[in-house]
Amino acid sequence: MAAALSEGRFSARELTERALSRIAAAQPELNAFRTVRAEAALAEADAADRRLAAGERLPLLGVPLAVKDDMDVTGEPTSFGCAGHFPAKTADSEAVRRLRAAGAVIVGKTQTPELGQWPFTEGEAFGETRNPWNPAYTPGGSSGGSAAAVAAGLVPAALGSDGAGSVRIPAAWTHLIGVKPQRGRISTWPEPESFHGLTVNGVLARTVADAALLLDAASGPHPEDVHRPERISAVEAVRRTPRRLRIALSFAMPFTATPKSLDPEVRSAVERLAGRLESLGHEVVPEDPRYGPIGLTFVPRATSGVRDWASRVPDPGLLDPRTHEAVRTGRILGGLPLRAARRAESALRRRVGEIFGRFDVVLTPTTATGPLRIGALSGLGAMATDRAMIAACPYAWTWNVLGWPGVNIPAGFTEDGLPMGAQLLGPANAEPTLLGLAAQVESAEGWAARWAGDGGSGSRRNPMP
C-alpha cells in the first residue's frame with residue numbers, strides 16, 4: 001500500500017474507503033473493532049492525498065491502520081474492553097502520535113478483553129470477537145481485535161500490546177507475525193511504563209517486512225518514559241540474511257503449580273520448523289532456559305496493574321467478577337511483594353539469560369494448544385479461568401517479566417485448519433536478529449500466500465489491493 005500510494009496507483013481515500021467497507025462487512029461476524037473512525041479517517045486520508053500530491057513522502061503516508069483500544073486516539077474513548085461511558089481523549093498516545101507522524105490513517109480501535117487480562121477477546125461490554133479462520137474459535141487475546149482485523153484483510157497491519165503474550169498469542173492463532181519488542185521500544189505513554197513493566201506495545205502484520213515497517217514507525221520514546229532502549233532499524237534487519245545461528249529448541253514450561261501439557265500437533269509443528277531452520281544452515285539443539293521461580297514475580301505485577309487500571313473505570317460495578325478478584329489480589333500484593341518482584345528482575349535476567357552465552361535464539365511453541373472455542377472460558381471463576389489460560393498459554397509470559405523481545409511466526413495448521421505459532425526469543429535488544437531470522441524462514445515457508453479470507457469467508461484470495 002505504501003508503495004502504491006507513493007507511485008500514485010491508489011489514493012489514500014480509495015484505500016481508506018475500501019478498508020472501511022471491509023470493516024463494515026466483517027463487523028457483524030468478526031466484531032474486530034470497538035470504534036470505527038469512518039468520518040475522521042476519510043478526512044485524514046484526504047489530507048494525506050494532498051500531501052502526496054505536493055510531493056511529500058513518509059513511510060506510511062496514506063496507509064489505513066488500526067490500533068488496540070488501550071491506546072489513546074484524540075477524540076475517541078479508551079475503554080480497554082470495559083463497559084460504561086468513557087470520555088473522549090484529548091491527546092494521542094505516543095505510539096499513535098508516531099504513527100500519525102509517519103503519515104498513517106487511523107481507521108479505528110480494535111477489541112480487547114477487559115483490561116487485557118485474557119487470551120480470548122470476549123466480554124459483556126462488546127460481545128465476542130471471532131477468528132477469521134473459523135468464527136467458532138477465538139482469535140486469542142488480548143490483542144484479538146487487531147489480530148482478527150489483520151488476518152481477515154480489513155487492514156494491512158495493526159498495533160497491539162503484550163503483557164503476557166497478548167500480541168504473540170493472537171498472532172499464533174491467526175497466522176500472523178506478532179512482534180513483542182524490547183520493553184520501551186514502542187512507548188506506552190501516557191503510562192511511563194505499563195503494568196509495572198510487564199506490558200509493551202507491539203505489532204501484528206501478515207509479513208515480516210510489514211511488521212518491521214510498522215515497528216520502526218511506531219518506535220521511539222516519550223521524554224518521560226521509564227525505559228528508553230537505543231534505536232534499531234527493523235527494516236534494515238529484515239533485508240539482511242542472518243549469519244549461521246545457534247538455536248535452542250525448548251518445550252519446557254516454567255513452573256506455575258497448575259496442570260498443563262503440550263498438544264502433540266503443536267509440538268510436531270514446532271519440530272518441523274526446527275527442521276526448516278536446520279535446512280537453512282542454522283544449528284538447532286534441544287536446550288531449556290533456566291526459568292526458576294519466575295512465576296512468583298509475575299502475579300504481583302500483573303494484578304497490581306489490573307488494580308491501577310480498574311481505579312480509572314467510570315463504573316467499577318460493570319467490571320467482570322474475575323476483574324474484581326484480580327483487583328483484590330493486587331491490593332494484597334501491591335506493597336512489599338510488588339517491590340520484591342521488581343527487585344528480582346535483574347537476577348532472573350541473569351539466570352534465564354545464561355542460555356544466551358551458548359545460543360543466539362530460543363525457539364519455543366507460542367501456545368500449548370490451538371485456538372480455543374468461543375465461550376470456552378466464559379462463566380468460569382477467577383481461579384478456573386487462570387488455570388485454563390495457563391494450560392493453553394504457558395510459554396509467552398516469561399519474556400514479559402524479563403522485558404526482552406520475542407516474535408511469533410506461523411508454524412502451520414491443525415488438522416481442523418486452525419493456525420499454530422512458534423516463538424523466536426532473544427536477549428535484550430535482539431529484535432534485529434529475531435526479525436532477520438523470521439524473514440529468512442518466511443521466504444522459505446511462504447506464509448503470506450495463505451489468507452483467512454475477506455471478513456472470515458474462508459477465501460484464500462488477497463482481499464486488499
Side-chain angles (χ1 to χ4, degrees), residues 34 67-73 76-87 89-96 109 111-119 121 123-125 141-143 159-167 180 183-184 186-202 221-222 224-227 295-345 382 385-386 389 397 400-403:
R34 183 69 183 260
V67 301
K68 184 177 178 180
D69 193 26
D70 61 347
M71 302 179 194
D72 295 346
V73 175
E76 307 294 344
T78 299
S79 56
F80 204 175
C82 299
H85 176 73
F86 288 74
K89 294 295 182 177
T90 58
D92 291 334
S93 66
E94 179 66 14
V96 173
K109 304 184 73 180
Q111 303 282 22
T112 173
E114 195 167 281
L115 305 181
Q117 297 173 85
W118 304 303
T121 302
E124 291 294 326
S142 63
S143 304
L159 290 187
S161 60
D162 189 314
S166 287
V167 162
K180 173 213 171 298
R183 185 184 298 153
I186 301 177
S187 174
T188 56
W189 188 262
E191 302 296 319
E193 65 171 7
S194 186
F195 280 79
H196 301 276
L198 291 179
T199 297
V200 303
N201 289 331
H222 183 276
E224 297 181 60
D225 281 349
V226 172
H227 307 284
L296 297 175
T297 73
F298 178 83
V299 176
R301 295 166 72 171
T303 57
S304 296
V306 173
R307 178 203 61 195
D308 296 341
W309 273 94
S311 68
R312 309 169 195 169
V313 171
D315 188 350
L318 298 176
L319 292 172
D320 190 294
R322 293 170 288 191
T323 300
H324 287 293
E325 184 63 31
V327 169
R328 285 190 286 271
T329 303
R331 290 194 185 111
I332 295 169
L333 300 181
L336 179 60
L338 175 60
R339 293 193 293 274
R342 295 307 304 263
R343 285 197 299 269
E345 189 175 301
T385 299
D386 288 347
M389 68 180 185
W397 58 269
N400 295 88
V401 173
L402 302 168

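In what follows, residues are counted from 1 in the order of the sequence shown. These values consider heavy atoms only, across backbone and side chains, with no hydrogens, waters or symmetry-generated copies. Not measured: the values here are computed from a predicted model.
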If you look at every heavy atom in [X] and [Y], which pair is closest and at what distance?
{"X": "S93", "Y": "M71", "result": "OG-CB, 3.9 Å"}
{"X": "T188", "Y": "V200", "result": "CG2-CA, 4.3 Å"}
{"X": "A326", "Y": "T303", "result": "O-CB, 3.6 Å"}
{"X": "R183", "Y": "L402", "result": "NH2-C, 3.7 Å"}
{"X": "A83", "Y": "F86", "result": "O-CE1, 3.5 Å"}
{"X": "D70", "Y": "W309", "result": "O-CH2, 4.4 Å"}

Contacts of [X] that satisfy salt bridge (Lys or Arg N to Asp or Glu O under 4.0 Å) - sequence neighbours left out:
{"X": "D69", "answer": "K109"}
{"X": "D308", "answer": "none"}
{"X": "K68", "answer": "none"}
{"X": "R331", "answer": "none"}

Considering only distance and modelled atom types, tabulate donor-acceptor pairs under 3.5 Å from the side chains of residues 312-322, sequence neighbours left out.
residue: R312; atom: NH1; partner: E191; partner atom: OE2; Å: 2.8
residue: R312; atom: NH2; partner: E191; partner atom: OE1; Å: 3.3
residue: R312; atom: NH2; partner: E191; partner atom: OE2; Å: 3.4
residue: D315; atom: OD1; partner: G317; partner atom: N; Å: 3.1
residue: D320; atom: OD1; partner: R322; partner atom: N; Å: 2.7
residue: D320; atom: OD1; partner: R322; partner atom: NE; Å: 3.1
residue: D320; atom: OD2; partner: R322; partner atom: NH2; Å: 3.1
residue: R322; atom: NH1; partner: L377; partner atom: O; Å: 2.9
residue: R322; atom: NH1; partner: T385; partner atom: OG1; Å: 3.0

Listed partners of [X] passing side chain to side chain donor-acceptor pair (under 3.5 Å), at least two apart:
{"X": "H227", "answer": "E193"}
{"X": "R339", "answer": "none"}
{"X": "D162", "answer": "R168, N400"}

For this session: State the CG-CZ distance between L333 and R328, to the nearest 0.5 angstrom.
Result: 13.0 Å
For this session: Drop me the distance from T323's OG1 to W118's CH2, to the nearest 0.5 angstrom.
Result: 4.0 Å
For this session: Any chance you could lay out the side-chain hydrogen bond (donor to acceptor under 3.5 Å, both in side chains) test for D72 and T78, step after step, and finish with the verdict?
Result: CA-CA 6 Å; D72 295 346; T78 299; 2.7 Å; yes
Under the side chain to side chain contact (heavy atoms under 4.5 Å, CB included) test, residues paired with [X] that sit two or more places apart:
{"X": "E124", "answer": "none"}
{"X": "S304", "answer": "H196, R307, L338"}
{"X": "D92", "answer": "V73, T74, V96, R97, R100"}
{"X": "T199", "answer": "S161, S194, F195"}

Problem set entry | Sidechain-backbone polar pair: T112 side chain, G81 backbone, donor-acceptor under 3.5 Å | no
Exercise. Would you say S143's side chain and S166's backbone share a donor-acceptor pair under 3.5 angstrom?
Worked result: yes
Exercise. Would you say the side chains of T297 and E345 form a donor-acceptor pair under 3.5 Å?
Worked result: no
